[in-house]
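Reading through the C-alpha coordinates given below for one structure.
Predicted, not measured: the structure shown is a model, and the values here were computed from it. In this chain, residues are counted from 1 in sequence order. Only heavy atoms go into these numbers, but all of them, side chains included; no hydrogens, no water, no symmetry mates.
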Amino acid sequence: MAIQGRIPVNFGDAFPHGVYATGPAEPLENFETKRQENDKENGLPVWVVDVYDADPAGNHKASAIKVKISSEVCPVVPEPAFGPFRPVEFDGLTVTPYIEELGRKPNGDPRTRIAYSFRARGVRAPGGAGKPSGRPASAAKDAA
(Lines give C-alpha, C1' and ligand atoms only; values in the text may rest on other atoms or scores of the structure.)
Protein backbone atom coordinates (compact mmCIF):
# COMPACT_ATOMS: atom_id res chain seq x y z
CA MET A 1 0.00 0.00 0.00
CA ALA A 2 1.44 3.37 -1.01
CA ILE A 3 -0.26 5.52 1.64
CA GLN A 4 0.25 4.56 5.26
CA GLY A 5 -0.16 6.48 8.49
CA ARG A 6 -1.08 10.15 8.58
CA ILE A 7 -2.32 11.65 5.32
CA PRO A 8 -1.63 15.40 4.81
CA VAL A 9 -4.73 17.44 3.91
CA ASN A 10 -5.41 21.13 3.36
CA PHE A 11 -7.50 22.66 6.13
CA GLY A 12 -10.00 24.11 3.63
CA ASP A 13 -10.49 20.73 1.96
CA ALA A 14 -11.16 18.98 5.27
CA PHE A 15 -13.33 21.76 6.74
CA PRO A 16 -14.70 23.99 3.94
CA HIS A 17 -17.12 25.71 6.37
CA GLY A 18 -14.50 26.16 9.08
CA VAL A 19 -14.36 24.92 12.66
CA TYR A 20 -14.93 26.49 16.06
CA ALA A 21 -12.90 25.61 19.14
CA THR A 22 -14.94 25.48 22.34
CA GLY A 23 -12.10 25.98 24.79
CA PRO A 24 -8.35 25.98 25.24
CA ALA A 25 -6.00 23.17 24.28
CA GLU A 26 -5.74 20.49 26.97
CA PRO A 27 -3.16 17.75 27.56
CA LEU A 28 -4.17 14.42 26.02
CA GLU A 29 -4.17 12.10 29.01
CA ASN A 30 -3.46 8.38 28.77
CA PHE A 31 -6.49 6.63 30.24
CA GLU A 32 -4.45 3.95 32.00
CA THR A 33 -1.41 5.87 33.27
CA LYS A 34 -3.14 9.24 33.81
CA ARG A 35 -0.07 10.88 32.23
CA GLN A 36 0.09 13.08 29.16
CA GLU A 37 0.46 11.14 25.91
CA ASN A 38 3.54 11.61 23.73
CA ASP A 39 3.42 11.46 19.93
CA LYS A 40 4.72 8.08 18.73
CA GLU A 41 6.35 9.67 15.66
CA ASN A 42 8.21 12.62 17.20
CA GLY A 43 8.09 12.09 20.99
CA LEU A 44 6.48 15.49 21.67
CA PRO A 45 3.66 15.94 24.20
CA VAL A 46 0.18 15.72 22.64
CA TRP A 47 -2.49 18.36 23.25
CA VAL A 48 -6.11 18.19 22.13
CA VAL A 49 -8.44 20.94 20.91
CA ASP A 50 -12.19 20.24 20.87
CA VAL A 51 -13.84 21.78 17.82
CA TYR A 52 -17.20 21.76 16.06
CA ASP A 53 -17.33 21.48 12.28
CA ALA A 54 -19.48 24.31 10.92
CA ASP A 55 -20.76 22.23 7.97
CA PRO A 56 -24.55 22.79 7.98
CA ALA A 57 -25.09 19.36 6.38
CA GLY A 58 -23.14 17.53 9.11
CA ASN A 59 -24.96 15.74 11.89
CA HIS A 60 -24.40 16.83 15.46
CA LYS A 61 -22.47 13.74 16.58
CA ALA A 62 -20.09 13.85 13.62
CA SER A 63 -19.56 17.61 14.09
CA ALA A 64 -17.79 17.25 17.46
CA ILE A 65 -14.13 16.61 16.63
CA LYS A 66 -10.91 16.39 18.59
CA VAL A 67 -7.78 17.63 16.85
CA LYS A 68 -4.47 16.52 18.37
CA ILE A 69 -1.43 18.79 18.26
CA SER A 70 2.10 17.60 19.04
CA SER A 71 4.05 20.44 20.62
CA GLU A 72 6.63 20.97 23.35
CA VAL A 73 4.37 23.67 24.87
CA CYS A 74 0.58 24.02 25.08
CA PRO A 75 -0.79 25.60 21.87
CA VAL A 76 -2.61 28.89 22.38
CA VAL A 77 -6.16 28.93 20.99
CA PRO A 78 -7.49 32.38 19.93
CA GLU A 79 -9.85 34.23 22.27
CA PRO A 80 -13.61 33.57 21.90
CA ALA A 81 -15.25 35.58 19.12
CA PHE A 82 -18.84 35.02 20.28
CA GLY A 83 -20.02 33.05 23.29
CA PRO A 84 -17.57 30.21 23.88
CA PHE A 85 -16.83 29.82 20.17
CA ARG A 86 -13.38 30.52 18.76
CA PRO A 87 -12.98 30.32 14.97
CA VAL A 88 -9.70 28.49 14.31
CA GLU A 89 -7.65 26.96 11.53
CA PHE A 90 -5.05 24.22 11.81
CA ASP A 91 -1.66 24.19 10.12
CA GLY A 92 -0.01 20.96 9.03
CA LEU A 93 -3.31 19.08 9.22
CA THR A 94 -3.27 15.31 8.74
CA VAL A 95 -6.01 12.70 8.79
CA THR A 96 -5.81 9.01 9.61
CA PRO A 97 -8.85 6.90 8.71
CA TYR A 98 -9.68 3.91 10.90
CA ILE A 99 -12.52 1.47 11.46
CA GLU A 100 -14.56 2.25 14.58
CA GLU A 101 -16.66 -0.51 16.12
CA LEU A 102 -19.98 0.89 17.33
CA GLY A 103 -21.38 -2.26 18.85
CA ARG A 104 -22.96 -5.44 17.55
CA LYS A 105 -25.75 -6.17 15.12
CA PRO A 106 -28.54 -8.52 16.28
CA ASN A 107 -26.78 -11.40 14.49
CA GLY A 108 -23.56 -10.75 16.45
CA ASP A 109 -21.59 -9.17 13.60
CA PRO A 110 -19.79 -5.93 14.46
CA ARG A 111 -21.46 -2.62 13.57
CA THR A 112 -18.69 -0.44 12.14
CA ARG A 113 -18.07 2.88 10.42
CA ILE A 114 -15.08 4.67 8.97
CA ALA A 115 -13.85 7.32 11.42
CA TYR A 116 -11.01 9.83 11.19
CA SER A 117 -8.28 10.96 13.55
CA PHE A 118 -7.09 14.54 12.96
CA ARG A 119 -3.66 15.87 13.91
CA ALA A 120 -1.99 19.23 13.28
CA ARG A 121 1.28 21.08 13.85
CA GLY A 122 -0.43 24.22 15.16
CA VAL A 123 -3.63 26.21 15.65
CA ARG A 124 -4.33 29.87 14.85
CA ALA A 125 -7.05 32.39 14.08
CA PRO A 126 -8.50 32.04 10.54
CA GLY A 127 -7.37 34.08 7.60
CA GLY A 128 -3.74 33.15 7.25
CA ALA A 129 -2.55 35.82 9.70
CA GLY A 130 -0.02 34.74 12.25
CA LYS A 131 2.02 31.63 12.71
CA PRO A 132 0.81 28.33 14.08
CA SER A 133 0.72 28.43 17.83
CA GLY A 134 2.93 26.00 19.61
CA ARG A 135 4.31 28.56 22.02
CA PRO A 136 3.36 29.52 25.57
CA ALA A 137 0.55 32.01 26.20
CA SER A 138 3.04 34.57 27.57
CA ALA A 139 5.03 34.45 24.31
CA ALA A 140 1.83 34.84 22.28
CA LYS A 141 0.85 37.93 24.31
CA ASP A 142 4.35 39.40 23.96
CA ALA A 143 4.16 38.97 20.18
CA ALA A 144 0.83 40.84 19.95
Going through the distances and angles, do K66 and D50 end up as a salt bridge (charged side-chain N to carboxylate O under 4.0 Å, His left out)? CA-CA 5 Å; K66 293 183 181 294; D50 291 323; 2.8 Å; yes

Which is it for V49 and V77 under the side-chain contact (heavy atoms from CB on, under 4.5 Å) test, yes or no, and what are the steps along the way? CA-CA 8 Å; V49 178; V77 177; 4.2 Å; yes

Evaluate side-chain contact (heavy atoms from CB on, under 4.5 Å) for V88 paired with Y20, printing each intermediate quantity in order. CA-CA 6 Å; V88 297; Y20 294 89; over 6 Å; no

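Heavy atoms only, all atoms of each residue included: P87 and P126 are closest at O-CD, 3.2 Å. Annotation for P75 and S71: closest pair CG-CB, 4.5 Å, computed over non-hydrogen atoms. Residue A25 comes nearest to C74 through the heavy atom pair O-SG, 3.7 Å, listed as atom of the first residue, atom of the second, then distance. Heavy atoms only, all atoms of each residue included: R86 and P78 are closest at NH1-O, 3.1 Å. Nearest heavy atom pair, residue P8 against residue T94, reads CA-CG2, 4.1 Å. Taking both residues in full, the closest heavy atoms of I7 and P97 are given as CD1-CD, 4.0 Å, listed atom of the first, atom of the second, then distance.
Using a cutoff of 4.0 Å between basic side-chain nitrogens and carboxylate oxygens, D91 and R124 are scored as salt-bridged.
Without hydrogens or angle criteria, N10 side chain to G12 main chain gives no donor-acceptor distance under 3.5 Å. At least one donor-acceptor pair under 3.5 Å links the side chain of Q36 to the backbone N or O of V46.
Applying the side chain to side chain donor-acceptor pair (under 3.5 Å) criterion to D39, with sequence neighbours excluded, gives R6, S70, R119.
Side-chain contact check for H17 versus P56: some heavy-atom pair is nearer than 4.5 Å. For the pair T112 and E100, the minimum side-chain heavy-atom distance is 4.5 Å or more. Using a 4.5 Å heavy-atom cutoff, the side chains of E37 and P45 are not in contact. Between F11 and V19 there is a side-chain heavy-atom pair separated by less than 4.5 Å.
Here OG of S63 is found 10.0 Å from CZ of F15. Values are rounded to the nearest 0.5 Å. A distance of 11.5 Å separates CZ in R121 from CG in N42, rounded to the nearest 0.5 Å. With rounding to the nearest 0.5 Å, the separation of CH2 in W47 from CG in L28 is 10.5 Å. Residue N38 holds its CG atom at 10.0 Å from CG of N30, rounded to the nearest 0.5 Å. Residue Y98 holds its OH atom at 10.5 Å from OH of Y116, rounded to the nearest 0.5 Å.
Hydrophobic clustering, with ILVMFWY side chains joined whenever heavy atoms are under 4.5 angstrom apart, groups I114 together with I65. The same ILVMFWY cluster, assembled from side-chain heavy atoms under 4.5 Å apart, contains both F118 and I69. Note on V51: it clusters hydrophobically with V95, by side-chain heavy-atom contacts below 4.5 Å among ILVMFWY residues. V123 and V9 fall within a single hydrophobic cluster, where Ile, Leu, Val, Met, Phe, Trp and Tyr side chains are chained together by heavy-atom contacts under 4.5 Å.
In R35, the CZ atom is not crowded: 12 or fewer heavy atoms of neighbouring residues, nucleotides or ligands sit closer than 6.0 Å. In K34, the NZ atom is crowded: over 12 heavy atoms of neighbouring residues, nucleotides or ligands sit closer than 6.0 Å.
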